[in-house]
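The structure under discussion appears below in the form of structure tokens.
First the proteins, then the strands, lettered A, B, ... as listed; each starts at 1.
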Amino acid sequence: MAEQAEILKRFGGILRVEKPSKQELPLLPEARDFPQVVLRFAPNPDGPLTLGNARPAVLCDYYARRMNGRLILRFEDTSPSVKPPLKEAYDWIIEDLEWLGIHPDEVYYQSDRLQTYYKYAEKFIEKGFAYVCLCKPEEFRSFEKRGEPCPHRDQDPSLSLSLWEKMLNGGLNPGEAVVRVKTDMKHPNPAIRDWPALRIDVAKHPRVVGFRVWPLYNWSCAIDDYEMRVSHVIRGKEHLTNEVRQSYVFKYLNSPQPVSIHIGRVRLEGSVLSKSRIMRGLAEGAYTGLDDPRLGTLKALRRRGFKPEVIRRVVLEMGLNITESTVKWENLYAYNREAVDWEAERYYFVKNPFTMIVRSIPQQVEARLVRHPSRPELGYRNIVLKPLNGEAQLIVSSKDVENLAPGSRLRLMSLFNIEVEHVDPHSKTVKAFFKSLEVPEKSSGIKLIHWVLPSDAVKTVVLMPDASLVEGLGESHLTRLEPGRIIQLVRFGFCKVEKVSKNVVNLVFSHP
RNA sequence: GCUCCGAUGGUGUAGCCCGGUCAAGCAUACGAGCCUCUCGAGCUCGGGGCGCGGGUUCAAAUCCCGCUCGGAGCACCA
């Protein structure tokens, strides 16, 4: 098979050799009492999605498809003051998921569901599963610490109910009251003891107005997972104790609790993945935007030319592991190269240009530059070099010539071989003379360099991963590429075309 | 401090529940060679790992205990 592919490639190069697909992840543990696999991805719309969010998102999507289930996207936007939702972030998230190939079957906004959370709260209070607590946070903490009930725990449900009314209608102010779910004041983990379910928050919300009581995470999450018949929850391990907290809600509802699977956090080597830090940096002007190449946002990765399947691949490779893992850029590069090499046409780009003056060129030379070394069927472009009195100018990269001694030989790829006579770093020029036309033997050790003709050069600016700009000259063919295309600048690296105009080409560097 | 988790080569993982077939598989990175008019791709080969210490057992990466290291939570955040 590989041999056949090789032969075909030599003949027409139309066959792409597919790698065998990697191993499948194990199936999710069975969730008894649930008729269907239902998963939810539940981000807080307070910033852009990062590689870190991609982990649960991709896993949920993977299992929803794999196990013939449903995927729910749920915006958890119930903290108007502490984690204020961003109006734009809702769309960012949908876009980013779309890019990853994730199309949720249902979308919910928790800010639309406040009445639902109220309804259950009332029911819980009536039945004595929850109560309105008027303790100051510090006061309650001391009861919690000692494992003793606070004075409000055992008050009559009717009292709690009237306090609840006051919370809703303005008779109580933020910080004065909170609804607590009764758990176990002697629970070995103090964090579990009578946790707060709803509180008063009068800050403005970008989507809805007129509400002053907002559910806290464990309340809205448990109620929603219950109502939406979520069978499996895949989320970060920071939620480990929340699973226990929420178990009380399911117990009171007399309903099975979804199977929780906690996964470790993702770190991206040398990048910031924390939404709050990203948003802060953005506000301080440390980054140029959500897609600043230094960021680990999905938007930045997309801008840099990473394919969504590469993100999916690294996520699926990490699997359902609870241990934290660090993604190496090297790995992303390798996977993306594999994803992109086949489609990336090759072009010449000269960084830090030097002018090379070549004399003694016997005749006009036509360089045939193939678009892809492994795919001759993509064709080539001819670049004609017309010497004047045997002399011609070329543009080459400083790095390739600045330290060359007279007598050094070079091969200008697809063109001819030269011998250096003189290098002048100040004027950035190299004098050389024509040596021969034929491709040198591999054993000769003659270095191959690329070049651009002055008559065929366009200013090219490449945005690098550290947000610096590399300027140089590229061949004019670059101006014919549509934005979004992935190309390879020969001996420089893979880049994504961002913007082209007649006079300048803007690229974003992907990786070597 | 308290409550929980986790630990397989540089990195990410498979195996651990149900001990032997694991002198540990895969990917990537790395090294060598082949191929190639790119510092890209492809092909072949290679080096590299079960955190430490005890115990159970004929047999332990797998079970038990202790230690070390790492992580998470202990918010009227999600």
Sugar-phosphate only, base, or nothing, as touched by [X] at under 4.0 Å among non-hydrogen atoms:
{"X": "A/D400", "answer": "base"}
{"X": "A/Y333", "answer": "nothing"}
{"X": "A/H187", "answer": "nothing"}
{"X": "A/F494", "answer": "sugar-phosphate"}
{"X": "A/P85", "answer": "nothing"}
{"X": "A/G319", "answer": "nothing"}
{"X": "A/R267", "answer": "nothing"}
{"X": "A/P196", "answer": "sugar-phosphate"}
{"X": "A/K237", "answer": "sugar-phosphate"}

Go through [options] for me and flag the one nearest to the [X] side chain.
{"X": "A/E324", "options": "B/C77, B/U38, B/G71", "result": "B/G71"}
{"X": "A/E317", "options": "B/G12, B/A41, B/C77", "result": "B/G12"}
{"X": "A/P190", "options": "B/G73, B/C2, B/U28", "result": "B/C2"}
{"X": "A/M318", "options": "B/G12, B/G6, B/G40", "result": "B/G12"}
{"X": "A/R491", "options": "B/C37, B/U38, B/G73", "result": "B/U38"}
{"X": "A/R346", "options": "B/U38, B/U28, B/C37", "result": "B/U38"}
{"X": "A/S79", "options": "B/C37, B/G6, B/C77", "result": "B/C77"}
{"X": "A/T323", "options": "B/A7, B/A78, B/C37", "result": "B/A7"}
{"X": "A/V439", "options": "B/C37, B/A78, B/A41", "result": "B/C37"}
{"X": "A/D341", "options": "B/U11, B/A41, B/A75", "result": "B/A41"}

From [atom1] of [X] over to [atom2] of [N], roughly how many Å is that when rounded to an integer?
{"X": "A/L412", "N": "B/C37", "atom1": "CG", "atom2": "C1'", "value": "11 Å"}
{"X": "A/I200", "N": "B/A75", "atom1": "CD1", "atom2": "C1'", "value": "17 Å"}
{"X": "A/L216", "N": "B/G73", "atom1": "CG", "atom2": "P", "value": "17 Å"}
{"X": "A/L49", "N": "B/A78", "atom1": "CG", "atom2": "P", "value": "18 Å"}
{"X": "A/N242", "N": "B/C74", "atom1": "CG", "atom2": "P", "value": "8 Å"}
{"X": "A/L316", "N": "B/A14", "atom1": "CG", "atom2": "C1'", "value": "15 Å"}

Tell me whether the OP1 or OP2 atom of [N] has a side-chain N or O from [X] closer than 4.0 Å.
{"X": "A/N331", "N": "B/U13", "value": "no"}
{"X": "A/S374", "N": "B/G40", "value": "no"}
{"X": "A/T241", "N": "B/A72", "value": "no"}

Exercise. In terms of the angle between their ring planes, are A/F306 and A/H511 parallel, tilted or perpendicular, with boundaries placed at 30° and 60°?
Worked result: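 Taking A/H511 first and then A/F306, their aromatic rings sit tilted (interplane angle of 30° to 60°).
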Problem set entry | Aromatic ring pairing A/Y348/A/W451, orientation class (parallel under 30°, perpendicular over 60°, tilted between) |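 A/Y348 and A/W451: perpendicular rings.
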Problem set entry | Residue mapping more 5' on RNA chain B - nearest nucleotide basis, A/L415 or A/T78 |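 Going by which nucleotide is closer to the 5' end, it is A/L415.
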Problem set entry | Over-ring placement of A/R180 relative to A/F140, 6.0 Å and 45° cut-offs |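 Yes - A/R180 lies over the ring of A/F140, closer than 6.0 Å to its centre and within 45° of its axis.
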Exercise. Looking at A/F143, is A/R141 sitting on its ring face, NZ or CZ under 6.0 Å from the six-membered ring centre and within 45 degrees of the normal?
Worked result: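 That pair does not qualify as a cation-pi contact.
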Problem set entry | Within 6.0 angstrom of A/R277 CZ, more than 12 heavy atoms from elsewhere |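 12 or below, so no.
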Problem set entry | Check: A/Q488 side chain, B/U38 base, donor-acceptor under 3.5 Å |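 When only heavy-atom distances are counted, A/Q488 does reach the base of B/U38 through a donor-acceptor pair under 3.5 Å.
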Exercise. When rounded to the nearest 0.5 angstrom, what is the spacing between NE2 in A/H239 and CD1 in A/I261?
Worked result: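 If we round to the nearest 0.5 Å, A/H239:NE2 and A/I261:CD1 are 14.0 Å apart.
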For this session: Could I get the full list of side-chain hydrogen bond (donor to acceptor under 3.5 Å, both in side chains) partners for A/D46, not counting sequence neighbours?
Result: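 Testing A/D46 for side-chain hydrogen bond (donor to acceptor under 3.5 Å, both in side chains), a comparison that skips the adjacent residues, returns A/K275.
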